[in-house]
Structure formats: C-alpha cells, structure tokens
Amino acid sequence: MLIKRTASIRSSEITPEDIYLNRRTFIGKSIGVAALLNTGVLSSFSAIAGRPYEIDPDIPTYRGPGWLEKTLDNLQAGPFRTDEELTPYLDVIRYNNFYEFGSDKQDPAKNAQAFKTDPWSVEIAGEALKTGVFHLEDILKPHALEERIYRLRCVEAWSMVVPWVGFSMGELLKRFEPTSKAKYVEFTTLVDKEQMSGQASAFSTIDWPYVEGLRMDEAMHPLSIFAVGLYGRAMPPQNGAPLRIVIPWKYGFKSIKSIVKIRFTEQAPVNTWQQIAPREYGFYANVNPAVDHPRWSQKLERRLPSTLFDRNTMQTLPFNGYAEQVAQLYSGMDLTKWF
Ligand SMILES: Nc1nc2c(c(=O)[nH]1)N[C@H]1C(S)=C(S)[C@@H](COP(=O)(O)O)O[C@H]1N2
Ligand SMILES: [Mo]
C-alpha cells in the first residue's frame with residue numbers, strides 16, 4: 001500500500017538507494033513544510049516534540065490499532081534526547097533491516113505492509129512470579145508513552161536519529177516480578193511464514209525465530225525502551241510493529257522487532273547474529289569504534305540521509321555517544337573480548 005501509492009516511489013526500484021533517499025528527502029522538505037503549516041499539522045506535532053517534524057501529510061502512514069491511536073495523543077517528552085537533526089521520516093521507514101521481510105533495505109517497506117499486528121499477544125515466561133500470555137493492549141495500559149529521540153547505529157556502519165514513541169523497559173519488566181535467578185532477559189520475534197516472506201525464503205541464513213537478549217542490568221537501564229511508534233505515529237510494520245525494543249548504545253541488531261515472547265533466564269541467551277557468525281557478532285554488541293568488524297572498520301558511520309556524492313560521514317563514538325550513561329555497566333570488562 002505505502003509503496004504503491006505514489007508514482008515517484010517507483011523510481012526507487014531502478015535508482016541506487018542512496019540517490020533515491022536523497023531525492024525523497026529533498027522533495028519532502030520542499031513541499032512538506034509548506035503543506036504542514038497550512039494544515040496546522042506541524043504545530044500539533046511540534047507541541048509533542050519541542051521541534052517541528054517535517055512530514056508531508058500526503059505520506060500514507062500506518063495507523064496501528066485503534067487503542068494505540070488514543071494514547072499517541074498524550075505523548076510526553078522523554079529524557080536523554082539528542083538535539084541532532086532527525087533523520088527524515090521517509091528514510092526511517094524505507095531503509096530497514098528486518099530479515100523476516102527480506103534482506104534488501106527496501107524489502108521490509110514493500111513486504112510488511114499487510115502485516116497483521118492487531119490482535120497481538122506477548123508471552124511472559126521464565127524466572128518471574130507473573131508469567132503467562134497477555135494481550136498487548138493490557139501489557140501497555142499502565143505506561144505513559146514518551147518520545148525518545150535516540151541515535152541508532154547499525155553494525156553495517158550507517159546511522160539514523162529517530163524520534164521513537166515508547167517507555168522505559170525496566171518499568172514494564174518489573175511488573176512481572178522477575179526472581180533473583182533472572183540474570184538475563186530474552187526476546188523473541190514472531191514466526192509466521194505466511195506473512196513473513198523472508199522466513200519462507202530458501203536463501204535465508206537465519207534459523208528462525210530471531211532472538212535477542214540483554215543482561216538484566218542493561219534491560220533495567222533507563223535508556224532501554226520498548227517502542228510502539230515513531231514520529232508521533234504508530235510503529236510502521238517495517239520498523240517492528242507492534243512492539244520492539246530500542247537499545248541506543250548497542251548496534252542496531254540488538255533492537256529486536258515484532259516481539260511475541262519475553263523470557264527471564266539465568267543463563268545468557270544466544271542471540272541470532274552471534275549464533276550465525278560468532279566471530280563477527282557477540283552478545284554485548286556495544287557500539288565501539290575501537291573494535292573493527294572482521295570485514296570493515298567501525299570508526300566512521302554514514303548518517304542517513306546519505307548520497308553517493310555526500311556520504312554524510314561522521315565519527316562513531318564509544319557506546320554510540322551514551323558512554324556517560326552506560327559505561328559503568330561494563331567497568332572491569334575487556335570490551336575487545338566481550339564485543
Ligand atoms: N526481528 C528482527 N529484528 C531486527 C532485525 C531483523 O532482521 N529482525 N534487524 C535489526 C537490525 S540489524 C537493525 S539495524 C534494526 C533496524 O531497525 P529499523 O529498520 O527500525 O531502523 O532492527 C534490528 N531488529
Ligand atoms: Mo543493523
């Protein structure tokens with residue numbers, strides 16, 4: 001739906017993605033702001049963000065479940081916000097890694113549009129007093145939604161700045177009363193070969209489901225969030241609707257999407273990328289410019305939007321710039337070994 005509606009998007013299929021991203025951004029800026037000012041949309045969004053969102057109101061957006069729409073009206077400004085320039089909405093929703101829907105950057109935006117995210121339930125399991133299967137709506141009910149503007153740094157050396165809609169991960173996890181044996185928390189993505197074309201593909205290297213994990217103290221850190229939206233709207237399917245996590249000081253692959261299970265464990269979970277290539281990807285995956293990926297350097301990153309002519313390159317910072325908040329979680333650990 002999203003992809004088919006405008007004729008200009010068609011050109012993405014024949015244009016190198018970098019040029020395509022830049023062109024869309026330019027169009028978005030030149031016509032989008034004026035249109036927003038006319039409709040008053042800009043002012044209503046800037047009230048939430050404290051800064052204007054440059055979103056063309058003609059861009060079809062995923063609405064999400066009705067109950068979520070109501071809570072999106074009451075967004076609060078969350079802590080730790082970066083004031084770096086936001087990555088344009090179109091880049092955030094059309095340049096994705098979500099292998100369940102294909103491995104090209106534009107596959108998820110094309111293949112996830114009909115993804116059914118309502119009703120959705122999440123199983124809470126393992127070392128906790130309250131376990132069971134819960135409706136997502138019930139899980140989210142007690143939490144006021146915040147806007148968290150974070151950097152996201154992919155292990156592939158590109159990055160974005162995204163205004164996520166979400167809330168503190170620890171606040172939710174606490175409600176299920178993890179026991180003293182809960183040293184880690186594991187997250188699992190949906191398996192549904194009918195809906196997720198990437199899972200049905202014979203070329204897939206991933207042993208589904210996609211699994212991720214955090215140490216309990218990482219999960220309880222105030223920077224860690226569950227996210228249900230971005231840019232003041234419901235989470236687009238390609239970005240991990242209806243529920244994903246965002247861990248901004250770690251490489252993007254830790255921020256697992258479309259979660260159906262949360263399990264508290266005593267042993268460290270084996271996350272998907274570590275399982276596929278343990279020499280390239282570890283459990284911690286803290287952003288670290290001093291530790292190269294075996295096949296490329298991690299010193300620099302390409303901040304989207306990026307083009308063939310202007311790569312928009314910048315230095316990658318330890319812990320993705322969140323060292324002040326999280327470095328003490330790893331004091332005494334050799335981060336070249338625990339990568
Ligand atoms: N289930 C699942 N979660 C996933 C992935 C995936 O392939 N499957 N890709 C990860 C990677 S590598 C990145 S960089 C981020 C990208 O999030 P975004 O598409 O919202 O920018 O999602 C992460 N979460
Ligand atoms: Mo990534």
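Read the numbers this way: they start at 1 and go in the same order the structure lists the ligands and their atoms. Residue indices begin at 1 and follow the sequence shown. Atoms considered below: every heavy atom in the structure, side chains included; atoms not considered: hydrogens, waters and symmetry mates.
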Colleague: Closer than 4.0 Å to some heavy atom of Thr189 - which atoms of ligand 1 meet that?
Modeller: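 Under 4.0 Å from Thr189, ligand 1 has these atoms: 1 (N).
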
Colleague: As a test of understanding, state which of Ile59, Val92, Thr61 forms a side-chain contact (heavy atoms from CB on, under 4.5 Å) with Tyr231.
Modeller: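 Of Ile59, Val92, Thr61, side-chain contact (heavy atoms from CB on, under 4.5 Å) with Tyr231 is met by Val92 alone.
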
Colleague: Which is it for Val191 and Gln199 under the side-chain contact (heavy atoms from CB on, under 4.5 Å) test, yes or no, and what are the steps along the way?
Modeller: CA-CA 8 Å; Val191 178; Gln199 288 182 336; 3.8 Å; yes

Colleague: Can you tell me the protein heavy atom closest to atom 6 (C) of ligand 1 and the distance?
Modeller: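 Among all protein heavy atoms, the one nearest atom 6 (C) of ligand 1 is Tyr210 CE1, 3.4 Å.
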
Colleague: How far is atom 3 (N) of ligand 1 from the closest protein heavy atom, and which atom is that?
Modeller: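 Of every protein heavy atom, Lys257 N, 3.2 Å lies nearest to atom 3 (N) of ligand 1.
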
Colleague: Could you tell me whether ligand 1 has any atom less than 4.0 Å away from a heavy atom of Ser255?
Modeller: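 Ser255: in contact with ligand 1 (<4.0 Å).
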
Colleague: Give the numbers and elements of all ligand 1 atoms closer than 4.0 Å to a heavy atom of Glu100.
Modeller: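 Those atoms are 1 (N), 2 (C), 6 (C), 7 (O), 8 (N).
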
Colleague: When you measure from atom 20 (O) of ligand 1 to every protein heavy atom, which one gives the shortest distance, and what is it?
Modeller: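 Residue, atom and distance for the closest contact: Arg244 NH1, 2.6 Å.
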
Colleague: Can an N or O of Gln238 be found at a distance shorter than 3.5 Å from an N or O of ligand 1?
Modeller: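 For ligand 1, there is no N or O atom that lies under 3.5 Å from one belonging to Gln238.
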
Colleague: Cation-pi check, Arg151 to Tyr322: give yes when NZ or CZ is under 6.0 Å from the six-membered ring centre and within 45° of the ring axis, no otherwise.
Modeller: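 Flagged: Arg151 positioned over aromatic ring of Tyr322.
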
Colleague: Need the ligand 1 atom indices (1-based, order shown) with element for anything under 4.0 Å from a heavy-atom of Cys154.
Modeller: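 Those qualifying, in numeric order: 14 (S).
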
Colleague: According to ring pair (Phe, Tyr, Trp, His ring centres under 6.0 Å), does anything in residues 187-207 pair up with another residue at least two apart or in another chain? List the pairs.
Modeller: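 Every candidate ring pair (Phe, Tyr, Trp, His ring centres under 6.0 Å) pair involving residues 187-207 fails, so no pair, neighbours aside, qualifies.
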
Colleague: Would you mind telling me if ligand 1 is within reach of the side chain of Lys254, the backbone, both or neither, using heavy atoms under 4.0 Å?
Modeller: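 Neither; no heavy atom under 4.0 Å.
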
Colleague: Using a strict 4.0 Å threshold on nitrogen-to-oxygen distance, state whether Glu301 and Arg303 make a salt bridge.
Modeller: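 Yes, charged N to carboxylate O under 4.0 Å.
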
Colleague: At a 4.0 Å threshold, what atoms of ligand 1 neighbour a non-hydrogen atom of Met160?
Modeller: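 Heavy-atom distances to Met160 below 4.0 Å select 21 (O).
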
Colleague: Number the atoms of ligand 1 from 1 as they appear, then name those within less than 4.0 Å of a heavy atom of Leu152, with their elements.
Modeller: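 Answer for ligand 1: 21 (O).
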
Colleague: What's the spacing between Asn239 CG and Lys257 NZ if we round to 0.5 Å?
Modeller: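 That separation rounds to 5.5 Å.
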
Colleague: Could you identify the single nearest non-hydrogen protein atom to atom 15 (C) of ligand 1 and state the distance to 0.1 Å?
Modeller: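 Scanning the protein heavy atoms, the shortest distance from atom 15 (C) of ligand 1 goes to Gly252 O, 3.6 Å.
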
Colleague: Classify the contact between Asn97 and ligand 1 as side chain, backbone, both or neither, using a heavy-atom distance cut-off of under 4.0 Å.
Modeller: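 Looking at Asn97 and ligand 1, atoms from backbone and side chain both fall under 4.0 Å.
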
Colleague: Tell me, which protein residue and heavy-atom name are nearest atom 7 (O) of ligand 1, and how many Å apart are they?
Modeller: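 Nearest protein contact, heavy atoms only, for atom 7 (O) of ligand 1 is Tyr99 N, 2.8 Å.
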
